Chemist: 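One structure coming up, written as structure tokens, with questions to follow.
Letters A, B, ... mirror the listed sequences (proteins, then strands); counts begin at 1. Predicted, not measured: the structure shown is a model, and the values here were computed from it.
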Amino acid sequence: KQEVTQIPAALSVPEGENLVLNCSFTDSAIYNLQWFRQDPGKGLTSLLLIQSSQREQTSGRLNASLDKSSGRSTLYIAASQPGDSATYLCAVRGAGSYQLTFGKGTKLSVIP
Amino acid sequence: DVKVTQSSRYLVKRTGEKVFLECVQDMDHENMFWYRQDPGLGLRLIYFSYDVKMKEKGDIPEGYSVSREKKERFSLILESASTNQTSMYLCASVSGTMQYFGPGTRLTVL
């Protein structure tokens with residue numbers, strides 16, 4: 001059964017710093033990997049989606065990479081801002097399935 | 001833009017009540033999902049549906065049922081609400097590769 005782990009569980013950084021969030025998964029037979037953002041008490045907003053054949057995706061200050069063979073993905077946030085404070089969730093979709101398996105998230109706080 | 005809406009943002013019910021949570025999507029997606037999210041446990045799949053009148057159990061279906069009479073609407077039903085069903089409930093629909101989520105319903109069972 002797929003398991004997704006996110007490290008660290010919480011992270012606090014000063015504004016302007018570049019940072020990396022980590023996600024690992026146990027079964028490399030994936031269809032894609034998706035990074036979400038969740039603000040307190042709200043739903044999930046999709047940030048980036050990487051297909052299993054891709055190595056990375058970029059959107060603005062966000063860059064997500066995927067190393068399927070080692071079961072790892074990273075989300076890189078450049079020049080962090082207080083508005084980036086949220087919980088970031090990684091989710092993996094298995095090959096031949098529409099189901100997502102989620103990590104428990106990394107709670108990010110960007111200090112002004 | 002894809003839009004997934006949920007009938008209530010906040011809901012308070014009493015133990016033993018029958019509870020309906022509604023989810024509607026406007027993009028003609030075939031696949032829809034219900035998750036619950038709890039601190040320390042993350043998101044867990046309750047049920048999903050890949051077509052009208054079709055449903056599949058997820059990881060934690062006990063105490064829940066679902067209904068999908070129309071393609072755009074997927075309902076989660078708590079037949080007899082219990083305090084351990086107090087949670088955030090999130091609905092999602094899938095378009096090809098990407099999952100789109102609704103804003104969530106925070107359910108409290110007293």
Chemist: Using the rule that two of Ile, Leu, Val, Met, Phe, Trp, Tyr join whenever any of their side-chain heavy atoms come within less than 4.5 Å, decide whether B:Y100 and A:L49 are in one cluster.
Modeler: yes

Chemist: Just give me the residue among A:G105, A:A9, A:G41 that pairs up with chain B most often, heavy atom to heavy atom, under 4.5 Å.
Modeler: A:G41

Chemist: Is the count of non-hydrogen atoms from other residues, nucleotides or ligands lying under 6.0 Å from B:R9 atom CZ greater than 12?
Modeler: yes

Chemist: So which of B:N31, B:L90, B:V94 has the largest heavy-atom pair count under 4.5 angstrom toward chain A?
Modeler: B:N31

Chemist: Cluster question for you: counting only ILVMFWY and a side-chain heavy-atom cut-off of under 4.5 Å, with indirect links fine, are A:L62 and A:Y88 together?
Modeler: yes

Chemist: Determine, using the 4.5 Å side-chain heavy-atom cutoff (strictly less than), whether B:F48 and B:L21 are members of one ILVMFWY cluster.
Modeler: no

Chemist: Report which part of B:R44 has an atom under 4.5 Å of a heavy atom belonging to chain A: side chain, backbone, both, or neither.
Modeler: neither

Chemist: Heavy-atom cut-off 4.5 Å, strictly under: side chain, backbone, both or neither for B:M88 against chain A?
Modeler: side chain

Chemist: State, yes or no, whether a side-chain contact exists between B:P103 and A:K42 at a heavy-atom distance under 4.5 Å.
Modeler: no

Chemist: Please identify, among B:Q99, B:R106, B:Q6, the residue contributing the most non-hydrogen atom pairs under 4.5 Å to chain A.
Modeler: B:Q99

Chemist: With chain B as the partner chain, list the residues of residues 72-86 of chain A whose heavy atoms fall under 4.5 Å from it, by residue number, and write 'none' if nothing qualifies.
Modeler: none

Chemist: Under 4.5 Å between side-chain heavy atoms, hopping through other hydrophobics if needed: is there a path connecting B:I77 to B:I46?
Modeler: no

Chemist: Side-chain heavy atoms nearer than 4.5 Å, only ILVMFWY residues, links allowed to pass through others: does that put A:I30 and A:L89 together?
Modeler: no

Chemist: Please check if the number of heavy atoms outside B:E17 that lie under 6.0 Å from its CD is greater than 12.
Modeler: yes

Chemist: According to the side chain to side chain donor-acceptor pair (under 3.5 Å) rule, which pairs have a member within residues 94-112 of chain A, sequence neighbours left out?
Modeler: none

Chemist: Any side-chain heavy atom of B:Y35 within less than 4.5 Å of one from A:L100?
Modeler: yes

Chemist: Between B:G40, B:G58, B:C91, which has the largest tally of heavy atom pairs under 4.5 Å with chain A?
Modeler: B:G40

